[in-house]
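Reminder, nothing fancy here: chain letters follow the sequence lines and each chain counts from 1. The analysis underlying the following values was restricted to heavy atoms, covering all of them including side chains, and did not include hydrogens, waters or symmetry mates.
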2 protein chains.
Amino acid sequence: MDAKKRKALEAAGWKFGDAADFLGMSDEEKQLLDARVEMAIAVRRLREAMNLSQTDLALRLKTSQPRVAKIERAAPDVSFDQLFRAYTAVGGRVVVESKPRRMKFELQGAS
Amino acid sequence: MDAKKRKALEAAGWKFGDAADFLGMSDEEKQLLDARVEMAIAVRRLREAMNLSQTDLALRLKTSQPRVAKIERAAPDVSFDQLFRAYTAVGGRVVVESKPRRMKFELQGAS
DNA sequence: TTGATGTATACTGAATATGGTATACACTGA
DNA sequence: TCAGTGTATACCATATTCAGTATACATCAA
């Protein structure tokens, strides 16, 4: 992990003793963390593309502006479920294919 | 929603007043529920392909066999986060592409 | 500077998810 | 039938996530 990423994660509320701790994360944890961060970034990008404020999105999600702020930095107390809902609420799509079976979390209006 | 799917969901612990209630779900909720169910199915299929018992997987996830049973039916009190960890623990992979930006939740050894 | 708008941080009580345990059920082979 | 293995259901105590609120900070226009 580069310093930049670690700094961003710590800003988001994640705690690391040092880089070795991160390297010691299980593969599952790393994949989950990556997916969370990607989805959070996507939420912000899509929201801004729609010219919605955090307050606007909060209304759609039936939550508060402060929670949207947390969602967009993938804070530790934001579940993947909530990230997912926010993501789809701003136009993110999920495609489930069968052969080969896979799930794609697609961003509309990709960069 | 067909009766079969609804039956499966109810068996998993989800509650529906009637089909209209389900149709009344927001798009986000439907996408999330679908993704959860797909991931749960994937966990079971991959686990069995690896010849692991629920107890074996529970050890890897540092949880209990009963919880794995819940994970595999995408019970309402199982978070997407936990589903995700289980999924990756049995070989599921996440690929994040940049152009176009999308996330794929890929099943290894797909059917 | 002031007010308006958008975003971030901190705190709380309530709701939900989690691990752990006990136990029931299903299937198989001896 | 019985023992062994794998899976499902039920319950509880604890931990985590949540909405709601207050408030701080940032930017911009008048």
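- Within the structure, a side-chain polar atom (N or O) of Gln82(B) is placed less than 4.0 Å from OP1 or OP2 of dT18(C).
- Near DNA chain C, defined here as any heavy-atom distance below 4.0 Å, the residues from residues 53-67 of chain A are Ser53(A), Gln54(A), Gln65(A), Pro66(A), listed numerically.
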Discussion item. Working note: Asp81(B) + Arg36(A), criterion side-chain contact (heavy atoms from CB on, under 4.5 Å); need CA distance, chi angles, decisive distance, verdict.
Written reply: CA-CA 9 Å; Asp81(B) 301 66; Arg36(A) 286 173 59 96; 3.0 Å; yes
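- Contacts of Arg47(A) classified as salt bridge (charged side-chain N to carboxylate O under 4.0 Å, His left out), with partners at least two apart in sequence or in another chain: Glu72(A).
- Contact annotation: Arg85(A) does not reach the phosphate of dT17(D) (side-chain N/O to OP1 or OP2, under 4.0 Å).
- Atoms CZ and CG, on Arg60(B) and Asp56(B) in that order, are 7.5 Å from each other to the nearest 0.5 Å.
- Put simply, Arg44(B) has no side-chain N or O that comes within less than 4.0 Å of OP1 or OP2 on dT7(D).
- Atom CZ of Phe80(A) and atom CE of Met39(B) lie 7.0 Å apart (nearest 0.5 Å).
- Counting all heavy atoms, side chain and backbone alike, Ile71(B) lies closest to Ala86(B) at CG2-CB, 3.9 Å.
- Contacts of Val78(A) with the nucleic acid, taken as non-hydrogen atoms under 4.0 Å apart, involve only primed sugar atoms and P, OP1 or OP2.
- Taking only side-chain nitrogens and oxygens, Ser79(A) never comes nearer than 4.0 Å to OP1 or OP2 of dT16(D).
- Axis orientation changes by 30° from one end of the helix from dT1(C)-dA30(D) to dA30(C)-dT1(D) to the other, with each end axis drawn from 5 pairs and the value rounded to 10°.
- By the salt bridge (charged side-chain N to carboxylate O under 4.0 Å, His left out) test, Asp77(A) pairs with Arg67(A), Lys70(A), sequence neighbours left out.
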Worksheet entry | Per-nucleotide protein contact string for nucleotides 25-30 of chain C, where B marks a base within reach and S marks sugar-phosphate only (heavy atoms under 4.0 Å, - for neither) | ------
Short heteroatom pairs, N/O only, protein and nucleotides 11-15 of chain D, under 3.5 Å:
none

